[in-house]
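So the structure is just underneath, and the comments pick up after that.
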Amino acid sequence: LIVNQPVREVFVKRAKIIQTIRSFFDARNYLEVETPVLQQVYGGASARPFKTHHNAHDIDLYLRIADELYLKRLIVGGYDAVYEISKDFRNEGMDRAHNPEFTMLELYVAYRDYTWMMQLVEQLISTVAAAANGSAVVKTGKHEINFTPPYKRLTMFDAIKEHTGRDVRGKNEAALRTIAKEMHLELEASHGVGGIIDEIFSARVQPHLIQPTFITDYPLEMSPLAKKHRSEAGLVERFELIVNGQELCNAFSELNDPLDQRARFEEQMKLRARGDEKAQVLDEDYLRALEYGMPPAAGLGVGIDRLTMLLTGQDSIRDVIFFPQMKPEK
């Protein structure tokens with residue numbers, strides 16, 4: 001930092017990005033809130049947590065992997081729109097797009113759905129890009145990325161078919177394992193239908209999506225917190241925004257049926273019994289909140305570090321975090 005002005009400028013832009021996000025939501029009268037970092041039951045994502053111990057109560061606690069289940073409790077509690085910019089923690093591998101401690105924006109808005117959220121994301125990302133760089137067109141590496149709306153939209157199945165020539169719609173686990181093997185993908189025994197489709201998409205499709213692209217309508221098995229699709233059986237109303245080969249945003253029409261949610265959690269617990277440590281945990285307290293009644297809602301998560309990487313032209317997440325996690329010096 002002391003000898004590299006361009007490095008310092010990256011973090012000035014990072015501050016501008018976060019400031020612009022806050023201003024964008026505050027102008028819409030969305031309420032900024034804070035939710036617990038230490039949780040008795042971790043949830044809201046498929047990830048391994050960090051575990052700690054609270055001596056006074058003699059109980060194990062987990063550092064949050066996401067804010068989702070607490071923010072949706074606030075929607076149950078009567079707030080129409082809440083957001084949080086927070087540190088989340090996932091006890092997993094590290095690479096140029098992953099750090100165990102990272103910054104996430106999460107937003108939940110009552111009486112909206114994922115199609116409305118796609119339009120909001122286009123407005124948000126283009127506004128932030130213009131604030132950070134003076135233009136919606138950003139150069140990163142060898143690519144020039146245009147964040148001007150509208151963004152391309154593809155269903156997950158159509159994207160896989162377009163880039164691999166294989167139609168995975170309606171395939172069972174055995175058939176999907178055969179397809180993955182033909183693509184020379186390594187799978188774990190714990191992978192179910194959703195996990196296999198996710199591996200195929202991540203390895204064979206995602207790297208080719210450079211310009212902002214909404215991937216929509218995911219298989220139900222991949223999305224235990226998303227509402228079932230209103231017209232397509234076996235799918236949910238979910239999208240991810242993929243830019244420069246990386247996931248930038250994840251959003252749903254939120255599942256607000258407590259019976260359906262319990263069944264989804266139970267399926268996740270079966271995956272955990274098969275050895276999938278990333279499968280989600282059944283959260284009785286959250287289910288009780290849904291039983292009180294949650295209105296229809298749309299939710300969104302945006303990786304602030306990855307957004308900063310894109311808008312500052314950095315190749316590694318380490319370059320947009322002041323103090324990234326590193327191996328200790330010997």
Side-chain angles (χ1 to χ4, degrees), residues 1-25 27 85 88 93-99 101-107 117-154 156 159 162-163 201-216 239-251 300-326:
L1 289 171
I2 199 169
V3 297
N4 291 284
Q5 175 70 19
V7 175
R8 294 202 301 276
E9 285 300 318
V10 166
F11 291 95
V12 172
K13 280 192 177 182
R14 180 186 173 108
K16 183 67 174 178
I17 288 165
I18 294 173
Q19 179 187 43
T20 304
I21 290 171
R22 279 200 168 93
S23 298
F24 182 90
F25 292 134
I85 299 172
D88 292 340
M94 296 174 59
D95 57 33
R96 70 181 189 88
H98 295 87
N99 192 67
E101 175 182 349
F102 60 97
T103 304
M104 179 74 75
L105 158 74
E106 289 204 41
L107 165 75
M117 187 62 82
M118 277 186 259
Q119 295 177 334
L120 186 77
V121 167
E122 289 175 337
Q123 296 169 22
L124 172 65
I125 301 301
S126 59
T127 298
V128 172
N133 292 309
S135 170
V137 179
V138 176
K139 184 170 177 56
T140 179
K142 62 182 179 181
H143 300 296
E144 194 172 80
I145 296 173
N146 190 344
F147 286 103
T148 304
Y151 303 158
K152 183 177 180 180
R153 302 184 184 189
L154 271 177
M156 170 162 273
E162 179 178 309
H163 288 277
F201 176 80
S202 297
R204 296 292 180 259
V205 180
Q206 190 167 309
H208 301 290
L209 304 177
I210 304 303
Q211 296 302 321
T213 304
F214 288 123
I215 299 297
T216 69
F239 72 81
E240 289 183 311
L241 177 63
I242 311 296
V243 186
N244 200 30
Q246 294 183 25
E247 173 204 338
L248 183 60
C249 304
N250 187 26
L300 169 70
V302 180
I304 298 294
D305 306 306
R306 291 185 186 177
L307 178 59
T308 303
M309 287 170 60
L310 281 168
L311 298 183
T312 59
Q314 303 302 306
D315 291 329
S316 173
I317 196 169
R318 295 181 183 182
D319 296 329
V320 298
I321 297 174
F322 270 133
F323 303 103
Q325 188 61 240
M326 306 285 281

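Along the sequence shown, the residues carry numbers beginning at 1. Atom set for the values below is all heavy atoms of this structure, side chains included, hydrogens, waters and symmetry mates excluded. Remember, it's a predicted structure, so these values are computed and weren't measured experimentally.
- Heavy-atom minimum distance, Met104 versus Ile304: C-CG1, 4.2 Å.
- Distance check: Thr216 OG1 to Leu154 CG gives 7.5 Å after rounding to the nearest 0.5 Å.
- Rounding to the nearest 0.5 angstrom, the gap separating the CG atom in Asn250 from the CD1 atom in Ile215 is 12.0 Å.
- The two residues Ser135 and Val137 have their closest heavy-atom pair at OG-N, 3.0 Å.
- Here the straight-line distance linking atom CD1 of Ile85 with atom CD1 of Ile18 works out to 6.0 Å at 0.5 Å rounding.
- Applying side-chain contact (heavy atoms from CB on, under 4.5 Å) to Leu307 and the options Ile21, Thr312, Leu105, Val243 leaves one that passes, Ile21.
- Side-chain contact annotation: Gln119 with Gln123, donor-acceptor N/O pair under 3.5 Å absent.
- Counting only residues at least two apart or on different chains, the side-chain hydrogen bond (donor to acceptor under 3.5 Å, both in side chains) pairs with a member in residues 14-24 are Arg14-Thr103, Arg14-Asp305, Arg22-Glu32.
- Remark: the backbone N or O of Cys249 is not paired with any side-chain donor or acceptor of Glu240 at under 3.5 angstrom.
- Closest of all the heavy-atom pairs between Ala136 and Ala129 is CA-CB, 4.2 Å.
- Contact between Arg8 and Val3 at its shortest, heavy atoms only, is NH1-N, 4.4 Å.
- In this structure the side chain of Phe24 never reaches within 4.5 angstrom of the side chain of Val128, judged on heavy atoms.
- Between Arg96 atom CZ and Asp319 atom CG the span is 11.0 Å, to the nearest 0.5 Å.
- Here the CG atom belonging to Leu209 is positioned 10.0 Å from the CG atom belonging to Leu241, to the nearest 0.5 angstrom.
- Formation of a donor-acceptor pair under 3.5 Å by the Asn99 side chain with backbone atoms of Gln325 is found in this model.
- Within a 6.0 Å sphere centred on CZ of Arg153, other residues, nucleotides and ligands contribute more than 12 heavy atoms.
- Side-chain contact between Met117 and Leu107: present, with at least one pair of heavy atoms (C-beta onward) separated by less than 4.5 Å.
- Aromatic ring pairs are classed by plane angle as parallel below 30°, tilted from 30° to 60° and perpendicular above 60°; the pair His208 and His163 is parallel.
- Without hydrogens or angle criteria, Asp95 side chain to Ala97 main chain gives a donor-acceptor distance under 3.5 Å.
- The closest side-chain heavy-atom distance from Gln211 to Asn146 is below 4.5 Å.
- Counting heavy atoms from C-beta outward, Thr308 and Lys13 have side chains that stay 4.5 Å or more apart.
- Under a 3.5 Å cut-off, the side chain of Asp315 and the backbone N or O of Gly141 do not form any donor-acceptor pair.
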Kindly determine whether Tyr151 and Met118 satisfy side-chain contact (heavy atoms from CB on, under 4.5 Å), including the steps that lead there.
-> CA-CA 9 Å; Tyr151 303 158; Met118 277 186 259; over 6 Å; no
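- By the 4.5 Å heavy-atom criterion applied to side chains, Arg306 and His98 are counted as neighbours.
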For Thr140 and Ile145, run side-chain contact (heavy atoms from CB on, under 4.5 Å): C-alpha distance rounded to whole Å, both residues' side-chain angles, the deciding distance at 0.1 Å, then the answer.
-> CA-CA 7 Å; Thr140 179; Ile145 296 173; 3.4 Å; yes
Between Leu120 and Phe25, does a side-chain contact (heavy atoms from CB on, under 4.5 Å) hold up when you go through it step by step?
-> CA-CA 10 Å; Leu120 186 77; Phe25 292 134; 4.2 Å; yes
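- In this structure, the separation between CG on Asn244 and NZ on Lys142 is 9.5 Å, given to the nearest 0.5 Å.
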